[in-house]
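This chain uses plain numbering: 1 for the first residue, then up along the sequence.
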Amino acid sequence: MLPTLADVLQLDALRRGQPRVVAGGDRLGNRVRWVHVAEVTDIAHLLHGGELVLTTGIALPDEPARLRAYIGELAEVGVSGLMVELGRRYASVLPPALIAAAEDHGLPVVVLAHEPAFVDITESVHARIVQDQFAELRASEQLHEIFTQLSVEGASTDEVVRQVAALGGNPVVLENLTHQVLAADADGGDPAELLSAWETRSRAVRPDQRTAYDESSGWLVTTVGARGEDWGRLIIVLGAPPSPRETVLIERAATTLALGRLLDRHAESMERQAHGTIIARILEHSYSDPQEAAARARALGVPLAGRRLLGVVLRPRSATAPASPAAELSELAEVAAAACKDARLAALVGVLDEGSPHARVGVLASLPARADAETALNEVATRVRKQSGGDCVMATGSVVESIRDVRRSFQEAEQVADVACRGSGGRLFYRLPDLRVRGLLHLLRDDARLQTFVERELGPLLEYDAQRGSDLTRILELYLDAGRNKAVAAQQAHLSRPAFYERLRRIERVLDADLDDVESCVSLHVALLALSSVRWERS
């Protein structure tokens, strides 16, 4: 960071000259990039901006118009200030025309009452500039070392956000593309105050660069993503323009968060890691041949070929929004593995997508051809409930006959688990109910493409409500949930029909959509259901 003119005036080499500010006193925050000694008036075209110009004034003109032109040229090129030594050209005061011009242009002018050595001033200021730049470089290196270590250690999202708050001394928030908070640290402040009406406030901040400072909110914002897929924003609540160090801090943190999302960070035993890797690669269709998956699983004592396969998902019942802590999921995975062994059920058991919003324990059960799936699941679920204290949800998909179909079974199980975590049912395990589109959207709620769809369909209406405190989004939801029955929707909204119809017309104007068009209504309804899923938080 470059020193300000105020910083320069505190240097000993300057103080010996008894400096006095005679114009532009409100601009002492100007940054000094360099010091330039000049005794000629036509110097501006040789400068690049940010220079502190030193002069004895000996060559300055007498005519007020030429003095004003001189000051105007310096201000136009962007010098940080003009410093004039008294005694050679001007005995005790500068010409009024020069001072007036400097005030008009907002150019700081400083007079030195005692003759200083200009070489001492330039040497002192330049040393300060180099010192500050070295300190800035060192701070940048320290940040690089800190966040590299966090990446190597596989730090969680919460830990990265905490580090940013601690290093910057300001509140920090990580949000997704629909402005839902993924992690936050109030830096000792009130978290409730920091996150109050967050979505409304965040929607109003739309920087035009990946990293930018928003003056109206005082936020420093950077986009978080990797491999061309952005999935969130990291925000530091500053209240004042950022320093270069703060910009480096937020960008380095964003890189660490993006890498953390890409990297697989299992913390369970080596066996659980091996099991989890095989399940994950099967779900991703990463194996070029299903036989490769079968061979790898068989090497771990779990036969998959010629067996009936079943995807099972377990989650702590408290894991309803952000991902559960790694230790909790690892413990649940060990419990599930032990339960499968006790029930003599061959199965791969591991933590999947650890650190992400849909982290869970995955179980790929391998059943003999004549085995009863219901009996096996009851046995495993009973043991899991006993060993875990009952504070988890176990969900299952359909039985499939091939490794290629395992992904479908897991997708069904994940949908069931997501919805079951929201309820308070006491079943040993859950199967796929008729979730329809709500279940699908809930499963996809963390997908950036779905969030982008929600913003495209409903963004203008959400911003309209946020800016005016209206409830048009709720009115649209009531109308579509009522099957486009305006009378029923108006009654549910506790509005007269004319008032309700007027709101519908306003919604059409805001969204530029026709609510009598079936396809438009279907698209909006899907977007509303998706919005409900991405807004869903821990109850």
Side-chain angles (χ1 to χ4, degrees), residues 173 175-182 192 195-206 216-217 232-233 320-321 415 418-419 422-423 433-539:
V173 176
E175 64 174 16
N176 65 16
L177 294 180
T178 56
H179 310 280
Q180 306 302 301
V181 175
L182 302 176
L195 301 179
S196 176
W198 179 263
E199 182 179 347
T200 299
R201 293 157 54 205
S202 180
R203 285 184 179 279
V205 179
R206 294 182 290 182
S216 61
S217 63
R233 299 198 305 178
T320 56
Q415 284 183 299
D418 281 347
V419 177
R422 303 168 66 175
D434 188 14
L435 298 178
R436 296 186 177 179
V437 72
R438 288 181 184 270
L440 174 63
L441 294 174
H442 187 76
L443 177 66
L444 299 175
R445 67 189 183 278
D446 296 301
D447 192 311
R449 291 168 295 184
L450 181 65
Q451 296 171 8
T452 301
F453 169 77
V454 171
E455 289 299 295
R456 185 174 65 246
E457 292 292 314
L458 298 174
L461 192 63
L462 293 169
E463 290 176 8
Y464 185 96
D465 282 347
Q467 292 170 3
R468 293 166 175 79
S470 56
D471 63 344
L472 294 185
T473 304
R474 172 178 165 271
I475 295 297
L476 177 61
E477 188 173 11
L478 290 173
Y479 171 67
L480 296 175
D481 283 345
R484 298 166 61 210
N485 188 317
K486 297 178 182 178
V488 172
Q491 185 178 10
Q492 292 176 345
H494 305 291
L495 292 172
S496 66
R497 290 189 186 183
F500 188 82
Y501 296 165
E502 193 282 328
R503 282 171 171 76
L504 291 181
R505 287 191 293 271
R506 198 182 313 165
I507 291 171
E508 288 180 321
R509 291 195 298 270
V510 172
L511 293 178
D512 191 24
D514 181 6
L515 295 183
D516 289 327
D517 179 69
V518 174
E519 186 173 348
S520 295
C521 288
V522 169
S523 185
L524 291 171
H525 202 182
V526 170
L528 285 168
L529 293 176
L531 179 65
S532 177
S533 293
V534 299
R535 280 181 167 175
W536 175 54
E537 298 177 351
R538 189 185 301 268
S539 57

Atom pair OH (Y501) and NZ (K486), whose distance is rounded to the nearest 0.5 Å
6.5 Å
Run the numbers on T452 and D447 for side chain to side chain contact (heavy atoms under 4.5 Å, CB included), then give the verdict.
CA-CA 9 Å; T452 301; D447 192 311; over 6 Å; no
Could you walk me through whether V518 and R484 pass the side chain to side chain contact (heavy atoms under 4.5 Å, CB included) check?
CA-CA 10 Å; V518 174; R484 298 166 61 210; 3.6 Å; yes
Might you work through the side chain to side chain contact (heavy atoms under 4.5 Å, CB included) test for F453 and E457, ending with a clear yes or no?
CA-CA 6 Å; F453 169 77; E457 292 292 314; 3.5 Å; yes
Main-chain N/O of L515 paired with E508 side-chain donor or acceptor, under 3.5 Å:
yes
Identify the heavy atoms of A527 and V454 that sit nearest to each other, and give their distance.
O-CG2, 3.8 Å
Lys/Arg-Asp/Glu bridge criterion (N-O < 4.0 Å) met for R203, E175
no
Measure the spacing between CG of D471 and CG of L476 and express it to the nearest 0.5 Å.
11.0 Å
Between atom NE2 of H525 and atom CG of L480, what is the distance when rounded to the nearest 0.5 Å?
5.5 Å
Would you name the heavy atoms of H179 and W198 that are closest together and state the gap between them?
O-CD1, 3.5 Å
Going from CG on L195 to CZ on R201, what distance comes out if it is rounded to the nearest 0.5 angstrom?
8.0 Å
Could you grab the distance from atom CG of L458 to atom CG of L528, nearest 0.5 Å is fine?
5.0 Å
Just by distance, do the side chain of N485 and the backbone of Y479 share a donor-acceptor pair under 3.5 Å?
no
Quick one, E477 and T473 - any side-chain contact, counting heavy atoms below 4.5 Å?
no
Taking the side chain as every heavy atom from C-beta outward, state whether Q491 and F500 have any pair of such atoms under 4.5 Å apart.
no
Under 3.5 Å donor-acceptor, N176 side chain and G232 backbone
no
Nearest heavy-atom contact between A482 and V488 is CB-CG1, 4.1 Å
Looking only at side-chain N and O atoms, does D514 offer a donor or acceptor that is under 3.5 Å from a partner on S520?
no
Atom pair CD (Q451) and CG (L444), whose distance is rounded to the nearest 0.5 Å
10.5 Å
What closest approach, in Å, do A490 and S496 show between heavy atoms, and which atom pair accounts for it?
CB-O, 4.5 Å
Taking atom CZ as the centre, does R497 end up with more than 12 heavy-atom neighbours from other residues, nucleotides or ligands that are less than 6.0 angstrom away?
no
Compute whether any side-chain donor of one residue and acceptor of the other, for E455 and T178, lie under 3.5 angstrom apart.
no
Taking atom CD as the centre, does E199 end up with more than 12 heavy-atom neighbours from other residues, nucleotides or ligands that are less than 6.0 angstrom away?
yes
Using the side-chain contact (heavy atoms from CB on, under 4.5 Å) rule, pick out the option among L462, V526, L450 that qualifies with L531.
L462
Under a 3.5 Å threshold, yes or no: a donor from one side chain and an acceptor from the other, between R233 and S202?
yes
